[in-house]
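The block underneath contains the structure these notes are about, expressed in structure tokens.
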Protein chains: 2
Amino acid sequence: MIKETSSNAVNKAFLAKSCRINGALDVISGRWKALILIHIAEDKNRFSLLKAVLPTISDNILGKQLKELEAANLIVKTIIPEIPVRVDYTLSDKGEALLPILVNLSEWYDL
Amino acid sequence: MIKETSSNAVNKAFLAKSCRINGALDVISGRWKALILIHIAEDKNRFSLLKAVLPTISDNILGKQLKELEAANLIVKTIIPEIPVRVDYTLSDKGEALLPILVNLSEWYDL
DNA sequence: CTGGATCCCCTATGATACTG
DNA sequence: CAGTATCATAGGGGATCCAG
């Protein structure tokens with residue numbers, strides 16, 4: 001739970017209002033988010049596949065990041081009630097729209 | 001000082017190697033960095049001007065973020081030995097190249 | 001297989017005080 | 001004016017165990 005009175009929270013709120021770029025950065029700056037998005041785009045679209053590609057992430061964190069990405073409407077979660085349960089992650093339109101921007105960033109970084 | 005053995009550090013290293021996008025995100029995802037870049041681009045190019053625009057930032061943090069931006073070659077610091085001392089910050093070529101990408105991000109976020 | 005619950009630790013962020 | 005030194009803290013990231 002976040003204390004709304006902490007200067008931390010105050011600053012966060014200030015940033016959110018003053019510039020949407022901060023909102024955008026918030027969404028993609030989770031430690032694994034960009035990477036997860038890219039892998040999902042490359043058909044690593046299940047929990048176990050993502051774990052295989054991200055060997056050092058813990059289940060817990062992967063779950064959290066996926067949840068946040070879903071909350072931000074970047075990915076869509078589809079539960080397929082097989083035995084065992086299977087879950088597919090796919091990029092939403094917004095998620096797809098983000099990919100070229102990430103590519104730009106990557107190219108910029110090479111500058 | 002960062003403990004190199006912490007899983008935190010291990011993961012950071014893994015991310016840095018596995019994908020340059022993380023490097024790029026590292027550079028711009030400091031809480032105030034994007035905002036500082038934008039303001040410098042808008043001629044808020046001195047310490048005190050930046051403080052005026054970012055009322056809730058503390059001297060300490062502003063200094064640190066500027067230092068990091070400089071280390072990342074996004075801004076250039078010019079010391080002008082007047083009395084009192086004056087310092088100008090300007091965007092480097094790399095910094096300027098980042099701006100359109102930030103604009104893209106901002107537009108994407110509005111989607 | 002997917003991921004929630006719980007607890008811990010690290011580090012970026014911040015407050016404050018001080019210097020050239 | 002333009003920072004730096006020091007200290008404190010929140011909360012994001014992580015390990016581990018557990019559940020549907």
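Note: hydrogens, waters and symmetry copies are ignored here, and every other heavy atom, side chains too, is used. Residue numbers begin at 1 in each chain, while the letters A, B, ... track the order of the sequences.
Closest heavy-atom contact between L50(B) and H39(B): CD2-CB, 3.8 Å. W32(B) and Q65(B) get closest at one heavy-atom pair: N-OE1, 3.5 Å. Nearest heavy-atom pair across K33(B) and V27(B) is CD-O, 3.2 Å.
Residue contacts for Q65(A): at a heavy-atom cut-off of 4.0 Å it reaches the sugar-phosphate backbone alone, with no base atom in range.
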Detail all sub-3.5 Å separations between protein N/O atoms and N/O atoms belonging to nucleotides 1-3 of chain C.
unit_1: dT2(C); atom_1: OP2; unit_2: S48(A); atom_2: N; d: 2.8
unit_1: dT2(C); atom_1: OP2; unit_2: S48(A); atom_2: OG; d: 3.2
unit_1: dG3(C); atom_1: OP1; unit_2: K77(A); atom_2: NZ; d: 2.9
unit_1: dG3(C); atom_1: OP1; unit_2: Y89(A); atom_2: OH; d: 3.4
unit_1: dG3(C); atom_1: OP2; unit_2: Y89(A); atom_2: OH; d: 2.3

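Of all the residues in residues 36-45 of chain B, not one reaches under 4.0 Å from DNA chain C with any non-hydrogen atom.
Cluster membership check: L62(A) shares its hydrophobic cluster with I38(A), using side-chain heavy-atom separations under 4.5 Å among Ile, Leu, Val, Met, Phe, Trp and Tyr.
Protein atom CG of L50(B) is 13 Å distant from nucleotide atom P of dC1(D), rounded to whole Å. Whole-Å rounding puts the I28(B) CD1 to dA12(C) C1' distance at 17 Å. Taking atom CD on E82(B) and atom P on dC1(D), their separation rounds to 13 Å, with Å as the unit. Going from atom CG of D26(B) over to atom C1' of dT11(C) covers 13 Å, rounded to whole Å. Remark: C1' of dG4(C) and CD1 of I61(A) are 12 Å apart, rounded to the nearest angstrom. Here the P atom of nucleotide dT11(C) and the CD atom of E68(B) are 14 Å apart, to the nearest Å. Following rounding to the nearest Å, L69(B) (CG) and dA2(D) (C1') show an atom-to-atom distance of 16 Å. In this structure, I57(A) atom CD1 and dT16(D) atom P are separated by 15 Å, rounded to whole Å.
Looking only at distances, no side-chain donor or acceptor of S106(A) sits under 3.5 Å from a matching main-chain atom of I21(B). Remark: side-chain polar atoms of S29(A) are not paired, donor with acceptor, to backbone N or O of S29(B) under 3.5 angstrom.
For dA12(C), the OP1/OP2 oxygens have no side-chain nitrogen or oxygen of W32(B) closer than 4.0 Å.
Contacts of D88(B) classified as side chain to side chain contact (heavy atoms under 4.5 Å, CB included), with partners at least two apart in sequence or in another chain: N45(B), R46(B), T78(B), I80(B), R86(B).
With a 6.0 Å cutoff to the six-membered ring centre and a 45° limit on the axis angle, K44(A) does not count as a cation-pi contact of Y89(A).
With values rounded to the nearest 0.5 angstrom, L99(B) atom CG is found 11.0 Å from N104(B) atom CG.
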